[in-house]
Asker: 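One structure, as C-alpha coordinates, below. Some questions next.
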Amino acid sequence: MDRKLCFLVDDGATGSFPQAAQQKVDTALQRIHLLFQDETEAPLAELERGLRAWTRSHLQTEDIAQVAALATRARESFSVLVVIGVGGSDLSARVFHDSFNHPYHNELSVEERGGAPEVYFTGDTFDPRKLAGLLEMLKARNLLDKTLFNVISKSGTTTETMATLMIIRDALNDINWQQQILATTGLTADSVLFRMHEQSPFYGNTLLPVPDGVGGRFSAFSPVGLFFLAMTAGKDETPDTRIRAAVEGVNQAHEGFNLAYNHQDNIAYRLARWLHLFEEVEGKGSIVFYNYADGSCFGEWFVQLYTESIQERGSGANVIDAKGPTSNHSILNGIIAGPRDKVVLFLHWEELGPDLVLPRETGMDSKLTEFEGLSMTYMQTASYRGTALDFSENGVPNATLTLPKRDIQSVCRLMRLLMDTIAVKGRLQGLHLDNNGGSELTYLQDGVEGYKRKFRSFALASSADST
(Lines give C-alpha, C1' and ligand atoms only; values in the text may rest on other atoms or scores of the structure.)
Protein backbone atom coordinates (compact mmCIF):
# COMPACT_ATOMS: atom_id res chain seq x y z
CA MET A 1 0.00 0.00 0.00
CA ASP A 2 1.25 3.49 -0.86
CA ARG A 3 1.80 5.24 2.46
CA LYS A 4 2.08 8.74 1.02
CA LEU A 5 -0.41 11.52 1.47
CA CYS A 6 -2.38 11.53 -1.79
CA PHE A 7 -4.60 14.01 -3.61
CA LEU A 8 -7.34 12.61 -5.82
CA VAL A 9 -9.61 14.74 -8.00
CA ASP A 10 -12.72 13.26 -9.59
CA ASP A 11 -12.14 14.68 -13.05
CA GLY A 12 -15.18 12.89 -14.41
CA ALA A 13 -17.50 15.15 -12.45
CA THR A 14 -15.61 18.43 -12.56
CA GLY A 15 -15.82 18.97 -16.30
CA SER A 16 -13.19 20.74 -18.36
CA PHE A 17 -12.10 24.27 -17.56
CA PRO A 18 -11.39 26.54 -20.52
CA GLN A 19 -7.81 26.11 -21.65
CA ALA A 20 -7.15 29.84 -21.42
CA ALA A 21 -8.25 29.91 -17.77
CA GLN A 22 -5.99 26.98 -16.91
CA GLN A 23 -3.01 28.54 -18.67
CA LYS A 24 -3.56 31.81 -16.80
CA VAL A 25 -3.55 30.03 -13.44
CA ASP A 26 -0.54 27.88 -14.34
CA THR A 27 1.44 30.96 -15.37
CA ALA A 28 0.58 32.58 -12.05
CA LEU A 29 1.55 29.42 -10.14
CA GLN A 30 4.91 29.30 -11.85
CA ARG A 31 5.57 32.90 -10.83
CA ILE A 32 4.38 32.25 -7.27
CA HIS A 33 6.64 29.22 -7.00
CA LEU A 34 9.65 31.33 -7.93
CA LEU A 35 8.70 33.88 -5.25
CA PHE A 36 8.49 31.20 -2.59
CA GLN A 37 11.77 29.67 -3.74
CA ASP A 38 13.41 33.05 -3.20
CA GLU A 39 11.94 33.17 0.31
CA THR A 40 13.32 29.70 1.09
CA GLU A 41 16.81 31.14 0.78
CA ALA A 42 16.02 34.49 2.40
CA PRO A 43 17.21 35.50 5.89
CA LEU A 44 14.62 34.89 8.60
CA ALA A 45 14.35 38.63 9.33
CA GLU A 46 13.00 39.22 5.83
CA LEU A 47 10.40 36.50 6.28
CA GLU A 48 9.30 38.13 9.52
CA ARG A 49 8.43 41.30 7.64
CA GLY A 50 6.43 39.22 5.17
CA LEU A 51 4.80 37.10 7.89
CA ARG A 52 6.10 33.90 6.30
CA ALA A 53 8.36 32.93 9.22
CA TRP A 54 5.97 30.08 10.10
CA THR A 55 7.51 28.12 7.21
CA ARG A 56 10.65 27.82 9.37
CA SER A 57 8.94 26.64 12.57
CA HIS A 58 10.32 23.12 12.22
CA LEU A 59 13.85 24.54 11.99
CA GLN A 60 13.73 26.59 15.20
CA THR A 61 15.75 24.07 17.21
CA GLU A 62 16.22 26.28 20.28
CA ASP A 63 12.47 26.85 20.64
CA ILE A 64 11.78 23.15 20.13
CA ALA A 65 14.35 22.09 22.72
CA GLN A 66 12.95 24.63 25.21
CA VAL A 67 9.42 23.30 24.72
CA ALA A 68 10.47 19.68 25.27
CA ALA A 69 12.45 20.48 28.41
CA LEU A 70 9.74 22.68 29.91
CA ALA A 71 7.00 20.13 29.20
CA THR A 72 9.04 17.34 30.77
CA ARG A 73 9.53 19.42 33.90
CA ALA A 74 5.92 20.61 34.11
CA ARG A 75 4.53 17.06 33.80
CA GLU A 76 6.33 16.25 37.05
CA SER A 77 4.89 19.28 38.85
CA PHE A 78 1.27 19.57 37.71
CA SER A 79 -1.75 17.30 37.50
CA VAL A 80 -3.86 19.54 35.26
CA LEU A 81 -3.15 21.66 32.18
CA VAL A 82 -5.57 24.46 31.28
CA VAL A 83 -5.08 26.17 27.92
CA ILE A 84 -6.25 29.80 27.89
CA GLY A 85 -6.60 31.10 24.35
CA VAL A 86 -8.92 31.82 21.46
CA GLY A 87 -8.73 31.26 17.72
CA GLY A 88 -5.28 30.38 16.44
CA SER A 89 -3.94 30.45 19.99
CA ASP A 90 -5.79 27.29 20.99
CA LEU A 91 -7.27 25.64 17.88
CA SER A 92 -4.12 23.69 17.06
CA ALA A 93 -4.00 22.32 20.61
CA ARG A 94 -7.66 21.33 20.29
CA VAL A 95 -6.84 19.49 17.04
CA PHE A 96 -3.96 17.67 18.73
CA HIS A 97 -6.10 16.73 21.72
CA ASP A 98 -8.96 15.53 19.52
CA SER A 99 -6.66 13.56 17.19
CA PHE A 100 -3.99 11.99 19.39
CA ASN A 101 -5.09 11.80 23.01
CA HIS A 102 -7.47 9.17 24.35
CA PRO A 103 -11.08 10.25 23.68
CA TYR A 104 -11.75 9.92 27.42
CA HIS A 105 -8.39 11.33 28.43
CA ASN A 106 -9.49 13.02 31.64
CA GLU A 107 -11.40 9.97 32.88
CA LEU A 108 -8.26 7.80 32.81
CA SER A 109 -5.90 7.48 35.76
CA VAL A 110 -2.59 9.31 35.52
CA GLU A 111 -0.90 5.96 34.97
CA GLU A 112 -3.27 5.11 32.14
CA ARG A 113 -2.54 8.53 30.62
CA GLY A 114 1.19 7.80 30.71
CA GLY A 115 1.85 10.61 33.18
CA ALA A 116 0.03 13.27 31.16
CA PRO A 117 -2.08 15.82 33.04
CA GLU A 118 -5.81 16.28 32.69
CA VAL A 119 -6.63 18.84 29.97
CA TYR A 120 -9.17 21.67 29.79
CA PHE A 121 -9.67 24.69 27.52
CA THR A 122 -10.95 28.17 28.35
CA GLY A 123 -10.43 31.83 27.48
CA ASP A 124 -12.35 31.84 24.19
CA THR A 125 -15.59 33.47 25.38
CA PHE A 126 -16.98 35.83 27.99
CA ASP A 127 -19.77 33.37 28.78
CA PRO A 128 -18.86 32.55 32.40
CA ARG A 129 -20.62 29.18 32.69
CA LYS A 130 -17.77 26.83 31.77
CA LEU A 131 -15.03 28.86 33.44
CA ALA A 132 -17.01 29.02 36.67
CA GLY A 133 -17.65 25.29 36.44
CA LEU A 134 -13.98 24.55 35.76
CA LEU A 135 -12.78 26.52 38.77
CA GLU A 136 -15.48 24.99 40.95
CA MET A 137 -14.46 21.48 39.88
CA LEU A 138 -10.73 22.10 40.40
CA LYS A 139 -11.34 23.51 43.88
CA ALA A 140 -13.68 20.67 44.86
CA ARG A 141 -11.09 18.08 43.82
CA ASN A 142 -8.22 19.98 45.47
CA LEU A 143 -6.53 20.37 42.10
CA LEU A 144 -6.44 24.14 41.74
CA ASP A 145 -2.95 24.44 43.22
CA LYS A 146 -1.79 21.55 41.00
CA THR A 147 -2.92 23.20 37.77
CA LEU A 148 -0.70 24.88 35.18
CA PHE A 149 -2.47 27.58 33.18
CA ASN A 150 -0.91 28.13 29.73
CA VAL A 151 -2.09 31.57 28.61
CA ILE A 152 -1.48 32.16 24.90
CA SER A 153 -1.68 35.60 23.30
CA LYS A 154 0.96 37.19 21.10
CA SER A 155 -0.01 40.71 22.17
CA GLY A 156 -1.15 39.87 25.67
CA THR A 157 -4.21 42.02 25.04
CA THR A 158 -6.65 39.47 23.59
CA THR A 159 -9.63 40.47 25.71
CA GLU A 160 -11.40 37.11 26.01
CA THR A 161 -8.12 35.46 27.01
CA MET A 162 -6.89 38.12 29.39
CA ALA A 163 -10.27 38.50 31.11
CA THR A 164 -10.07 34.77 31.88
CA LEU A 165 -6.52 35.19 33.22
CA MET A 166 -7.73 37.95 35.54
CA ILE A 167 -10.45 35.66 36.92
CA ILE A 168 -7.95 32.83 37.40
CA ARG A 169 -5.48 35.12 39.16
CA ASP A 170 -8.21 36.07 41.61
CA ALA A 171 -9.19 32.42 42.10
CA LEU A 172 -5.61 31.38 42.89
CA ASN A 173 -5.58 33.97 45.70
CA ASP A 174 -1.85 33.58 46.26
CA ILE A 175 1.00 36.04 46.08
CA ASN A 176 2.88 33.43 44.02
CA TRP A 177 0.06 32.96 41.51
CA GLN A 178 2.50 33.60 38.64
CA GLN A 179 4.18 30.25 39.33
CA GLN A 180 1.08 28.52 38.00
CA ILE A 181 1.03 30.58 34.80
CA LEU A 182 3.01 29.73 31.69
CA ALA A 183 2.79 32.51 29.10
CA THR A 184 3.21 31.99 25.37
CA THR A 185 3.53 35.43 23.82
CA GLY A 186 5.61 37.87 21.80
CA LEU A 187 9.03 38.45 23.28
CA THR A 188 8.97 42.24 23.16
CA ALA A 189 7.66 45.00 25.40
CA ASP A 190 4.72 45.34 23.00
CA SER A 191 3.21 42.31 24.76
CA VAL A 192 1.40 42.88 28.05
CA LEU A 193 2.34 39.34 29.12
CA PHE A 194 5.99 40.08 28.41
CA ARG A 195 5.83 43.18 30.61
CA MET A 196 4.06 41.25 33.38
CA HIS A 197 6.77 38.60 33.24
CA GLU A 198 9.47 41.26 33.49
CA GLN A 199 7.87 42.56 36.69
CA SER A 200 7.23 39.15 38.27
CA PRO A 201 8.30 36.02 36.34
CA PHE A 202 5.87 33.32 35.33
CA TYR A 203 6.41 29.57 35.76
CA GLY A 204 9.94 28.38 35.20
CA ASN A 205 11.16 31.95 34.84
CA THR A 206 10.43 31.35 31.18
CA LEU A 207 8.33 32.78 28.37
CA LEU A 208 7.50 30.60 25.40
CA PRO A 209 7.69 32.64 22.20
CA VAL A 210 5.14 33.30 19.52
CA PRO A 211 7.87 34.07 16.95
CA ASP A 212 7.83 37.25 14.92
CA GLY A 213 6.13 36.67 11.59
CA VAL A 214 3.96 33.83 12.92
CA GLY A 215 0.25 34.62 13.10
CA GLY A 216 -2.08 32.62 15.32
CA ARG A 217 -3.61 30.40 12.65
CA PHE A 218 -0.11 29.55 11.36
CA SER A 219 1.36 28.89 14.81
CA ALA A 220 0.66 25.16 15.33
CA PHE A 221 4.33 24.19 15.02
CA SER A 222 5.70 26.98 17.15
CA PRO A 223 5.55 26.69 20.98
CA VAL A 224 1.87 27.66 20.70
CA GLY A 225 0.95 24.13 19.63
CA LEU A 226 4.07 22.11 20.40
CA PHE A 227 3.97 22.69 24.16
CA PHE A 228 0.51 21.18 24.39
CA LEU A 229 1.54 18.29 22.15
CA ALA A 230 4.57 17.57 24.34
CA MET A 231 2.75 18.10 27.63
CA THR A 232 0.09 15.49 26.84
CA ALA A 233 2.37 12.68 25.64
CA GLY A 234 0.75 9.39 26.59
CA LYS A 235 1.86 5.81 27.27
CA ASP A 236 4.91 4.68 25.29
CA GLU A 237 5.57 8.32 24.33
CA THR A 238 7.68 11.18 25.62
CA PRO A 239 7.46 14.91 24.97
CA ASP A 240 10.52 14.57 22.76
CA THR A 241 9.19 11.68 20.64
CA ARG A 242 5.94 13.55 20.04
CA ILE A 243 7.74 16.69 18.93
CA ARG A 244 10.05 14.70 16.64
CA ALA A 245 7.03 13.07 14.96
CA ALA A 246 5.42 16.48 14.42
CA VAL A 247 8.60 17.98 13.02
CA GLU A 248 9.04 15.04 10.65
CA GLY A 249 5.52 15.51 9.30
CA VAL A 250 6.07 19.24 8.82
CA ASN A 251 9.40 18.59 7.12
CA GLN A 252 7.76 16.18 4.67
CA ALA A 253 5.22 18.84 3.74
CA HIS A 254 7.98 21.44 3.45
CA GLU A 255 9.90 19.24 1.03
CA GLY A 256 6.77 18.67 -1.05
CA PHE A 257 6.11 22.40 -1.19
CA ASN A 258 9.57 22.98 -2.64
CA LEU A 259 9.01 20.59 -5.55
CA ALA A 260 8.16 22.02 -8.97
CA TYR A 261 4.78 23.76 -8.87
CA ASN A 262 3.29 21.18 -11.27
CA HIS A 263 4.89 18.12 -9.65
CA GLN A 264 2.46 15.32 -8.79
CA ASP A 265 3.56 15.37 -5.15
CA ASN A 266 3.35 19.14 -4.69
CA ILE A 267 -0.16 18.85 -3.32
CA ALA A 268 -0.38 22.38 -1.93
CA TYR A 269 -0.08 23.88 -5.42
CA ARG A 270 -2.41 21.30 -6.96
CA LEU A 271 -5.08 21.88 -4.32
CA ALA A 272 -4.77 25.68 -4.53
CA ARG A 273 -5.12 25.44 -8.33
CA TRP A 274 -8.23 23.24 -8.03
CA LEU A 275 -9.91 25.54 -5.53
CA HIS A 276 -9.02 28.71 -7.44
CA LEU A 277 -10.31 27.47 -10.79
CA PHE A 278 -13.66 26.49 -9.33
CA GLU A 279 -14.01 29.81 -7.55
CA GLU A 280 -12.88 32.00 -10.45
CA VAL A 281 -14.24 30.08 -13.45
CA GLU A 282 -17.40 28.46 -12.10
CA GLY A 283 -18.21 30.86 -9.27
CA LYS A 284 -18.24 28.24 -6.52
CA GLY A 285 -18.61 30.24 -3.33
CA SER A 286 -18.45 27.48 -0.69
CA ILE A 287 -16.00 24.72 0.20
CA VAL A 288 -17.41 21.81 2.18
CA PHE A 289 -14.50 20.54 4.28
CA TYR A 290 -15.61 16.93 4.78
CA ASN A 291 -13.41 15.29 7.40
CA TYR A 292 -14.40 11.62 7.23
CA ALA A 293 -13.67 10.87 10.87
CA ASP A 294 -15.20 11.46 14.28
CA GLY A 295 -13.85 14.84 15.29
CA SER A 296 -14.90 18.46 14.78
CA CYS A 297 -11.77 20.38 15.84
CA PHE A 298 -9.92 19.87 12.56
CA GLY A 299 -12.80 21.44 10.66
CA GLU A 300 -12.93 24.38 13.07
CA TRP A 301 -9.20 24.91 12.59
CA PHE A 302 -9.53 24.87 8.78
CA VAL A 303 -12.51 27.23 8.82
CA GLN A 304 -10.40 29.81 10.62
CA LEU A 305 -7.30 29.16 8.51
CA TYR A 306 -9.12 29.57 5.22
CA THR A 307 -11.73 32.24 5.80
CA GLU A 308 -9.58 34.52 7.95
CA SER A 309 -6.77 34.32 5.39
CA ILE A 310 -8.51 34.26 2.02
CA GLN A 311 -11.67 36.29 2.43
CA GLU A 312 -10.24 39.71 1.58
CA ARG A 313 -11.19 42.54 -0.78
CA GLY A 314 -14.73 41.24 -1.08
CA SER A 315 -13.79 37.80 -2.40
CA GLY A 316 -12.92 34.32 -1.18
CA ALA A 317 -15.02 31.22 -0.57
CA ASN A 318 -16.87 30.30 2.62
CA VAL A 319 -15.93 27.05 4.36
CA ILE A 320 -18.61 24.68 5.64
CA ASP A 321 -17.35 22.29 8.30
CA ALA A 322 -18.66 18.73 7.81
CA LYS A 323 -17.97 15.40 9.48
CA GLY A 324 -18.55 12.09 7.75
CA PRO A 325 -20.79 10.27 7.91
CA THR A 326 -22.52 12.39 10.61
CA SER A 327 -23.09 15.29 8.21
CA ASN A 328 -24.64 12.92 5.65
CA HIS A 329 -27.68 13.10 7.92
CA SER A 330 -27.78 16.90 7.97
CA ILE A 331 -26.22 18.83 5.07
CA LEU A 332 -25.75 16.19 2.36
CA ASN A 333 -29.21 16.74 0.88
CA GLY A 334 -28.48 20.44 0.55
CA ILE A 335 -25.19 19.75 -1.23
CA ILE A 336 -26.91 17.58 -3.83
CA ALA A 337 -30.34 19.20 -4.10
CA GLY A 338 -29.60 22.75 -3.03
CA PRO A 339 -27.71 25.63 -4.68
CA ARG A 340 -24.90 24.46 -6.97
CA ASP A 341 -22.37 26.77 -5.35
CA LYS A 342 -20.23 24.19 -3.55
CA VAL A 343 -17.13 22.07 -3.98
CA VAL A 344 -16.32 19.28 -1.54
CA LEU A 345 -12.89 18.49 -0.12
CA PHE A 346 -12.80 15.12 1.65
CA LEU A 347 -10.26 13.95 4.22
CA HIS A 348 -10.04 10.17 4.04
CA TRP A 349 -8.03 8.24 6.66
CA GLU A 350 -6.89 4.75 5.67
CA GLU A 351 -6.23 3.83 9.31
CA LEU A 352 -8.22 5.46 12.10
CA GLY A 353 -6.54 3.68 15.01
CA PRO A 354 -7.87 0.80 17.13
CA ASP A 355 -10.59 -1.01 15.19
CA LEU A 356 -13.77 -2.89 16.06
CA VAL A 357 -15.42 -5.73 14.12
CA LEU A 358 -19.14 -6.39 13.99
CA PRO A 359 -19.92 -9.81 15.52
CA ARG A 360 -21.19 -12.73 13.46
CA GLU A 361 -24.28 -14.91 13.93
CA THR A 362 -26.21 -12.24 15.80
CA GLY A 363 -29.59 -13.56 14.69
CA MET A 364 -30.75 -10.02 13.95
CA ASP A 365 -32.76 -8.86 10.95
CA SER A 366 -31.29 -9.80 7.54
CA LYS A 367 -30.81 -6.14 6.67
CA LEU A 368 -28.35 -6.02 9.54
CA THR A 369 -26.71 -9.43 9.36
CA GLU A 370 -25.30 -8.68 5.90
CA PHE A 371 -22.80 -6.39 7.66
CA GLU A 372 -21.66 -9.05 10.14
CA GLY A 373 -17.90 -9.54 10.26
CA LEU A 374 -17.07 -6.14 8.78
CA SER A 375 -14.72 -3.79 10.62
CA MET A 376 -15.91 -0.29 11.46
CA THR A 377 -12.90 1.23 9.67
CA TYR A 378 -13.88 -0.69 6.54
CA MET A 379 -17.45 0.56 6.88
CA GLN A 380 -16.22 4.14 7.38
CA THR A 381 -14.22 3.84 4.15
CA ALA A 382 -17.21 2.38 2.32
CA SER A 383 -19.33 5.29 3.55
CA TYR A 384 -16.75 7.82 2.30
CA ARG A 385 -16.52 6.12 -1.11
CA GLY A 386 -20.28 5.94 -1.45
CA THR A 387 -20.65 9.61 -0.55
CA ALA A 388 -17.95 10.74 -2.98
CA LEU A 389 -19.42 8.65 -5.80
CA ASP A 390 -22.90 10.00 -5.07
CA PHE A 391 -21.58 13.56 -5.30
CA SER A 392 -19.82 12.80 -8.58
CA GLU A 393 -22.88 11.21 -10.14
CA ASN A 394 -24.90 14.27 -9.15
CA GLY A 395 -22.36 16.69 -10.62
CA VAL A 396 -20.94 17.96 -7.32
CA PRO A 397 -17.20 18.65 -7.76
CA ASN A 398 -15.14 16.84 -5.14
CA ALA A 399 -11.56 15.97 -4.33
CA THR A 400 -9.95 13.86 -1.62
CA LEU A 401 -6.85 14.13 0.52
CA THR A 402 -6.03 10.56 1.59
CA LEU A 403 -3.84 10.03 4.64
CA PRO A 404 -2.27 6.71 5.63
CA LYS A 405 -2.88 7.04 9.38
CA ARG A 406 -4.41 9.37 11.92
CA ASP A 407 -1.14 9.85 13.75
CA ILE A 408 1.03 12.83 14.70
CA GLN A 409 3.25 12.72 11.64
CA SER A 410 0.39 12.48 9.15
CA VAL A 411 -1.82 15.10 10.81
CA CYS A 412 1.00 17.61 11.19
CA ARG A 413 2.03 17.05 7.59
CA LEU A 414 -1.55 17.70 6.51
CA MET A 415 -1.85 20.86 8.62
CA ARG A 416 1.34 22.32 7.14
CA LEU A 417 0.18 21.33 3.63
CA LEU A 418 -3.07 23.22 4.16
CA MET A 419 -1.16 26.27 5.43
CA ASP A 420 0.92 26.15 2.24
CA THR A 421 -2.24 25.82 0.16
CA ILE A 422 -3.58 28.99 1.75
CA ALA A 423 -0.32 30.81 1.06
CA VAL A 424 -0.52 29.88 -2.64
CA LYS A 425 -4.25 30.61 -2.88
CA GLY A 426 -3.71 34.06 -1.36
CA ARG A 427 -1.13 34.92 -3.97
CA LEU A 428 -3.39 33.59 -6.74
CA GLN A 429 -5.92 36.15 -5.50
CA GLY A 430 -3.23 38.84 -5.57
CA LEU A 431 -3.35 39.42 -1.82
CA HIS A 432 0.39 40.10 -1.80
CA LEU A 433 0.06 43.01 -4.25
CA ASP A 434 -0.89 46.69 -3.99
CA ASN A 435 -0.87 46.78 -0.20
CA ASN A 436 1.27 49.92 0.15
CA GLY A 437 4.36 47.85 0.86
CA GLY A 438 2.85 46.26 3.97
CA SER A 439 2.40 42.64 4.94
CA GLU A 440 0.43 40.26 2.75
CA LEU A 441 -3.31 40.36 3.33
CA THR A 442 -3.32 36.56 3.58
CA TYR A 443 -1.66 36.83 6.98
CA LEU A 444 -3.64 39.78 8.35
CA GLN A 445 -7.14 40.02 9.85
CA ASP A 446 -7.97 43.69 9.77
CA GLY A 447 -11.67 42.92 9.51
CA VAL A 448 -11.89 42.07 13.21
CA GLU A 449 -10.71 45.47 14.38
CA GLY A 450 -14.19 46.98 14.08
CA TYR A 451 -15.77 44.49 16.44
CA LYS A 452 -12.93 44.97 18.91
CA ARG A 453 -13.43 48.75 18.99
CA LYS A 454 -17.19 48.49 19.30
CA PHE A 455 -16.93 45.83 22.01
CA ARG A 456 -14.60 48.03 24.01
CA SER A 457 -16.91 51.02 23.58
CA PHE A 458 -19.96 49.12 24.84
CA ALA A 459 -18.08 47.40 27.67
CA LEU A 460 -16.57 50.60 29.04
CA ALA A 461 -19.81 52.54 28.61
CA SER A 462 -21.67 49.89 30.61
CA SER A 463 -18.95 50.03 33.26
CA ALA A 464 -19.30 53.81 33.50
CA ASP A 465 -23.09 53.53 33.74
CA SER A 466 -22.81 51.07 36.63
CA THR A 467 -20.74 53.53 38.64
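Numbers here are sequence positions counted from 1. The structure displayed is predicted, hence computed values, not measured ones.
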Asker: In terms of the angle between their ring planes, are Tyr292 and Phe346 parallel, tilted or perpendicular, with boundaries placed at 30° and 60°?
Answerer: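 Rings of Tyr292 and Phe346: tilted, 30 to 60°.
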Asker: Using modelled atom types only, decide if a donor and an acceptor are shared between the side chain of Ser109 and the backbone of Glu112 within a distance under 3.5 Å.
Answerer: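 Confirmed, Ser109 side chain pairs with Glu112 backbone.
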Asker: With a 6.0 Å cut-off (strictly less than), is the heavy-atom count around CE of Met376, excluding the residue itself, greater than 12?
Answerer: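 No, not enclosed.
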Asker: Could you walk me through whether Asn101 and His105 pass the side-chain hydrogen bond (donor to acceptor under 3.5 Å, both in side chains) check?
Answerer: CA-CA 6 Å; Asn101 296 337; His105 178 89; 4.5 Å; no
Asker: Please check this pair: side chain of Glu248 against backbone of Gln409, looking for a donor-acceptor N/O pair closer than 3.5 Å.
Answerer: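 A pair under 3.5 Å: no.
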Asker: Is it the case that the side chain of Asn176 and the backbone of Gln179 share a donor-acceptor pair, with hydrogens and angles ignored and the cut-off at 3.5 Å?
Answerer: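 Not confirmed, Asn176 side chain does not pair with Gln179 backbone.
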Asker: Is Arg195 reaching over with its side chain to a backbone N or O of Ala189, donor-acceptor style, under 3.5 angstrom?
Answerer: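 Yes, the answer is positive, given that a donor and an acceptor are paired below the 3.5 Å cut-off.
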Asker: Does Ser375 use its side chain to pair, donor to acceptor, with the backbone of Tyr378 at less than 3.5 Å?
Answerer: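 Answer holds: yes.
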Asker: Answer yes or no: is there a side-chain heavy-atom contact under 4.5 Å between Asn262 and Leu29?
Answerer: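 No, too far: nothing below the 4.5 Å cut-off.
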Asker: Can a side-chain donor-acceptor contact be found between Arg113 and His102 if the only test is distance below 3.5 angstrom?
Answerer: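 Absent: no donor and acceptor within the cut-off.
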Asker: Between Tyr261 and His33, what is the ring plane arrangement, given parallel below 30°, perpendicular above 60°, and tilted in between?
Answerer: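 Tilted.
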Asker: Is it the case that Ser296 and Asp321 place a side-chain donor and acceptor less than 3.5 Å from each other?
Answerer: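 No - no donor-acceptor pair under 3.5 Å links their side chains.
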Asker: For Thr362 and Glu372, test the side chains for any donor-to-acceptor distance below 3.5 angstrom and give the result as yes or no.
Answerer: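 Indeed, the side chains of Thr362 and Glu372 share at least one donor-acceptor pair under 3.5 Å.
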Asker: In terms of ring plane angle, is the pair Phe221 and Phe96 parallel, tilted or perpendicular, where the classes change at 30° and 60°?
Answerer: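 Tilted, since the angle between the ring planes falls between 30° and 60°.
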Asker: Mind checking whether Phe36 and Phe257 have parallel, tilted or perpendicular rings, split at 30° and 60°?
Answerer: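 Rings of Phe36 and Phe257: tilted, as their planes differ by 30° to 60°.
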Asker: How many angstroms lie between atom CZ of Phe298 and atom CG of Leu347, to the nearest 0.5 angstrom?
Answerer: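 Phe298 CZ to Leu347 CG: 6.0 Å, rounded to 0.5 Å.
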Asker: Under 3.5 Å, is there a donor on one side chain and an acceptor on the other for Asp390 and Thr387?
Answerer: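 No, no side-chain donor-acceptor pair sits under 3.5 Å.
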Asker: Atom CZ of Phe228 and atom CG of Asn150: how far apart are they, to the nearest 0.5 Å?
Answerer: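 Rounded to the nearest 0.5 Å, the CZ-CG separation comes to 10.0 Å.
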Asker: Hey, can you tell me if Trp177 and Phe202 have their rings parallel, tilted or perpendicular (30° and 60° cut-offs)?
Answerer: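 It falls in the perpendicular class, over 60°.
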Asker: Under the ring-ring contact (aromatic ring centres under 6.0 Å, His included) criterion, do Phe289 and Tyr306 qualify, and how do the steps go?
Answerer: CA-CA 11 Å; Phe289 186 74; Tyr306 197 94; 9.5 Å; no
Asker: To the nearest 0.5 Å, what is the distance between OG on Ser191 and CG on Leu207?
Answerer: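 So the gap between those two atoms works out to 7.5 Å.
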Asker: Is there a donor-acceptor contact under 3.5 Å linking the side chains of Arg406 and Ser99?
Answerer: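 Side-chain D/A pair, Arg406 to Ser99: absent.
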Asker: Flag this pair as yes if the NZ/CZ of Arg169 is under 6.0 angstrom from the six-membered ring centre of Phe149 and inside a 45 degree cone about the axis; otherwise no.
Answerer: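 No, cation not above the ring by the 6.0 Å, 45° rule.
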Asker: Could you check whether Arg94 pairs with Asp90 (Lys NZ or Arg NE/NH1/NH2 to Asp/Glu carboxylate O, under 4.0 Å)?
Answerer: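 Yes, charged N to carboxylate O under 4.0 Å.
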Asker: Looking just at side-chain N and O atoms, do Tyr120 and Glu118 make a donor-acceptor pair shorter than 3.5 Å?
Answerer: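 Looking only at side-chain atoms, Glu118 and Tyr120 do form a donor-acceptor pair, the distance falling under 3.5 Å.
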Asker: Under a 3.5 Å distance rule, please check whether Ser200 uses its side chain to pair with a backbone N or O of Met196 as donor and acceptor.
Answerer: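 No: the side chain of Ser200 does not pair with the backbone of Met196.
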